[in-house]
Amino acid sequence: MINIEDFKKVEIKIGEIKSAEKLAGTDKILKFKINFGSEERQILSGIAEFYTEPELLVGKLVPVIINLEPRVIKG
């Protein structure tokens, strides 16, 4: 659980998925390019087992927490 003060720090933006593909060498990770209007970001997510055709997600609008610290995943 987080308190309300921590929740107030969360910055959420709606972005459009421009590309979605399975990350090579993994079973669970999808790689997305998401456009937020003023910028585009690459985001990795461990949801590949739930989306067997990630290209169907292209064009969808999704909420993203954009002020998380970056992490290295799979090098």
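Keep in mind it's a predicted model, so treat the numbers as computed, not measured.
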Connected via hydrophobic side-chain network under 4.5 Å: Leu44 and Phe36: no
Would Ile43 end up clustered with Ile66 when hydrophobic side chains under 4.5 Å apart are linked, directly or stepwise? yes
Test item: Leu30 and Leu23 side chains (from C-beta on) under 4.5 Å apart, heavy atoms: no
Between Arg71 and Glu69, is a salt bridge (Lys or Arg N to Asp or Glu O under 4.0 Å) present by the stated rule, with each step listed? CA-CA 7 Å; Arg71 292 185 59 189; Glu69 290 182 0; over 6 Å; no
If you round to the nearest 0.5 Å, how far is OG of Ser19 from NZ of Lys31? 7.5 Å
When hydrophobic residues are tied together by side-chain contacts of less than 4.5 Å, even through go-betweens, does Ile65 share a cluster with Ile34? no
Mind checking the OG1-NZ spacing from Thr52 to Lys22? Nearest 0.5 Å is all I need. 9.5 Å
Distance in Å, Phe32 CZ paired with Ile47 CD1, rounded so as to fall on 0.5 Å steps: 4.0 Å
Residues in salt bridge (charged side-chain N to carboxylate O under 4.0 Å, His left out) contact with Glu39, at least two apart in sequence or another chain: Arg41
Tightest non-hydrogen contact, residues Pro54 and Ala20, listed as O-CB, 3.3 Å
Under the side chain to side chain donor-acceptor pair (under 3.5 Å) test, residues paired with Glu53 that sit two or more places apart: none
Output for pair (Leu68 CG, Glu11 CD), nearest 0.5 Å, gives 10.5 Å
Would you say OH of Tyr51 has more than 12 non-hydrogen atoms from neighbouring residues, nucleotides or ligands within 6.0 angstrom? no
Hey, does Glu16 have a side-chain heavy atom less than 4.5 Å from the side chain of Lys60? no
Value rounded to 0.5 Å, distance of NZ in Lys9 from CG in Asn3: 7.5 Å
Considering all heavy atoms of both residues, which atom of Ile12 and which atom of Pro63 are nearest to each other, and what is their separation? CG2-CB, 4.0 Å
Steps toward side chain to side chain contact (heavy atoms under 4.5 Å, CB included) verdict (Lys33, Glu40): CA-CA 7 Å; Lys33 293 235 191 247; Glu40 188 168 284; 3.6 Å; yes
Are Ile17 and Ile14 connected in a single hydrophobic cluster, I mean Ile/Leu/Val/Met/Phe/Trp/Tyr linked by side-chain heavy atoms less than 4.5 Å apart? no
Look up atom OG in Ser38 and atom NZ in Lys13, then write down how far apart they are to the nearest 0.5 Å. 4.5 Å
